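What follows is a single structure, written as structure tokens, with notes after it.
Note that the structure is predicted; figures quoted are calculated from it, not measured.
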Amino acid sequence: MKSFSCLLFFIFALQAQDQTVLSNQEILSQAREAAVAALKEEITTEKIAAQHKISWPAPKAQSIAETEKLVALAAEKEYGKSNDAKSSNDFLAEAQEYYAPYKKGDTITIYKTKSLGSNPKVEGKFYGVDSYGMLKIGNKRIPVIDISKRDTARFFPEKAVQLVKNYANGLEHDYNFKKKNQITAIKDKIRKDIYVKHGISMYRNKWMPTTTLVEGLRKQAIQIALPVKRKEIAAGVYQKNGYVLTANKWKHPKID
């Protein structure tokens, strides 16, 4: 308030030295200048930050791009706490297991694809392929055309090469898709805290440096309060200059 008081003293002292009546425009101009000075002392960044629940003082902001890198690193770390990292080799091994070849002497269970109403389940020891190209399982002979593509690849491993590759690629794609979605969800959860910690806040769905936001809100608050404050100060200046308030308008006897 000290600077504001000094400004008012200057205004009134100037008027005392020069008895010329100030015009309406001069009074309003001086009142506005004094009002701005007063409001800058009344409306501080600390008060604005508290009003909008913004942590203050705020650190100097990094660039949003650099801060987003920190969010990504933190999200990856958080994701790693509850998920095992996997490589292409892991998916290849899983695919090879899925298409693991049947070996002679193994007891296996398969399901016929064209059972025509009969029980499709076939279970027994695998003895190989007979001279007619029929699979010998237990006491049954099963046509190759009557088994699934997966089982075909397991009975004839040479046919599984591309299937294994495709299956591994599919597993890796699904893994990466789910990982991306999970990390995105983690980022959305932790972004605000990390941004605020590094001097960036959101206002009206837009990220910006916290200091810029608070200063902008302060200027806005001053502009909103300015008309009332100017009117209050102008009233005193009008009176000192001999103006009289008539019909809600200031008029001077010597000025038409």
Side-chain angles (χ1 to χ4, degrees), residues 64-198 200 202 205-207:
I64 291 179
E66 289 301 315
T67 308
E68 187 61 27
K69 290 180 182 179
L70 298 178
V71 173
L73 290 174
E76 287 277 0
K77 185 176 180 180
E78 186 66 25
Y79 174 84
K81 291 180 181 179
S82 54
N83 295 274
D84 294 329
K86 290 188 176 183
S87 67
S88 296
N89 289 334
D90 294 317
F91 300 115
L92 179 59
E94 191 173 342
Q96 289 171 337
E97 177 64 26
Y98 183 76
Y99 285 104
Y102 291 126
K103 297 178 181 178
K104 290 182 180 180
D106 289 348
T107 297
I108 64 174
T109 301
I110 68 170
Y111 291 88
K112 293 186 293 183
T113 58
K114 300 176 182 179
S115 55
L116 299 177
S118 62
N119 187 356
K121 183 177 181 180
V122 178
E123 188 173 21
K125 186 175 290 188
F126 174 48
Y127 293 104
V129 183
D130 65 16
S131 59
Y132 296 98
M134 305 283 279
L135 300 168
K136 297 186 292 184
I137 302 173
N139 59 0
K140 294 183 173 59
R141 299 292 184 271
I142 311 298
V144 174
I145 196 174
D146 203 12
I147 61 175
S148 68
K149 289 184 178 180
R150 179 191 177 192
D151 282 331
T152 300
R154 298 183 73 181
F155 284 119
F156 305 97
E158 67 276 6
K159 297 182 179 182
V161 177
Q162 190 61 43
L163 291 174
V164 168
K165 182 178 180 181
N166 293 344
Y167 192 75
N169 288 340
L171 291 174
E172 187 168 10
H173 176 272
D174 290 345
Y175 171 83
N176 288 333
F177 181 77
K178 291 177 181 178
K179 178 181 178 180
K180 181 180 178 181
N181 287 342
Q182 286 181 275
I183 289 180
T184 297
I186 295 172
K187 284 181 181 179
D188 292 342
K189 183 179 179 181
I190 67 176
R191 181 176 286 109
K192 181 178 179 181
D193 287 342
I194 294 178
Y195 271 43
V196 169
K197 182 179 178 181
H198 289 84
I200 301 174
M202 177 174 279
N205 295 320
K206 182 180 180 181
W207 291 106

Worksheet item: Do you know the tightest heavy-atom contact between L163 and K149?
Response: CD1-O, 4.3 Å

Worksheet item: Would a 4.5 Å heavy-atom cut-off, applied to side chains only, mark T109 and V122 as touching?
Response: no

Worksheet item: Looking at V129 and K136, what are the two nearest heavy atoms and their distance?
Response: C-CE, 4.3 Å

Discussion item. Can a donor-acceptor pair be found, under 3.5 Å and without considering hydrogens, that links the side chain of D130 to the backbone of Y132?
Written reply: yes

Worksheet item: Does anything in residues 153-165 pair up under side-chain hydrogen bond (donor to acceptor under 3.5 Å, both in side chains), and if so which pairs, sequence neighbours excluded?
Response: Y102-R154, Q162-N166

Item to complete: For E78 and I190, run side chain to side chain contact (heavy atoms under 4.5 Å, CB included): C-alpha distance rounded to whole Å, both residues' side-chain angles, the deciding distance at 0.1 Å, then the answer.
Response: CA-CA 10 Å; E78 186 66 25; I190 67 176; 5.8 Å; no

Item to complete: Before giving the answer on side chain to side chain contact (heavy atoms under 4.5 Å, CB included), spell out for K179 and Y79 the whole-Å C-alpha distance, their side-chain angles and the decisive distance to 0.1 Å.
Response: CA-CA 8 Å; K179 178 181 178 180; Y79 174 84; 3.5 Å; yes

Worksheet item: Atom CD1 of I110 and atom OG1 of T152: how far apart are they, to the nearest 0.5 Å?
Response: 9.0 Å

Fill in: Check against side chain to side chain contact (heavy atoms under 4.5 Å, CB included), I147 and T113
CA-CA 5 Å; I147 61 175; T113 58; 5.7 Å; no

Worksheet item: Roughly how far, to the nearest 0.5 Å, is the CG atom of L92 from the CD atom of Q96?
Response: 4.0 Å

Item to complete: Check the pair L171, Y98 against side chain to side chain contact (heavy atoms under 4.5 Å, CB included), reporting the backbone distance first and the verdict last.
Response: CA-CA 11 Å; L171 291 174; Y98 183 76; over 6 Å; no

Worksheet item: When rounded to the nearest 0.5 angstrom, what is the spacing between NZ in K140 and CD1 in I142?
Response: 7.0 Å

Worksheet item: Are any non-hydrogen side-chain atoms of F155 and I108 less than 4.5 angstrom apart?
Response: yes

Fill in: Nearest-0.5 Å distance that lies between atom CD in E66 and atom CD1 in I200
10.0 Å

Fill in: Partner set under ring pair (Phe, Tyr, Trp, His ring centres under 6.0 Å) for Y99, not counting sequence neighbours
Y167

Worksheet item: Between the main-chain N or O of S87 and the side-chain N or O of D90, is there a donor-acceptor pair closer than 3.5 Å?
Response: yes

Discussion item. Could you tell me if the side chain of K180 sits less than 4.5 Å from the side chain of N176, heavy atoms only?
Written reply: no

Worksheet, complete the sentence: For K125 and G105 the tightest heavy-atom approach is CG-O, 3.6 Å

Response to the item:
Value for OH (Y111) from CG (D146), rounded to nearest 0.5 Å, stands at 14.5 Å

Worksheet entry | Candidate pair E68 and R191, rule salt bridge (charged side-chain N to carboxylate O under 4.0 Å, His left out), full reasoning | CA-CA 8 Å; E68 187 61 27; R191 181 176 286 109; 2.9 Å; yes

Discussion item. To the closest 0.5 Å, what do you measure between CD1 (I145) and CE (M134)?
Written reply: 11.0 Å

Item to complete: For G128 and K104, work out which heavy atoms get closest and say how close.
Response: CA-CE, 3.9 Å

Worksheet item: Quick check: does any side chain N or O of D151 sit under 3.5 Å from a backbone N or O of S148, one acting as donor and the other as acceptor?
Response: no

Worksheet item: Is the shortest heavy-atom distance from the side chain of F91 to the side chain of K86 under 4.5 Å?
Response: yes

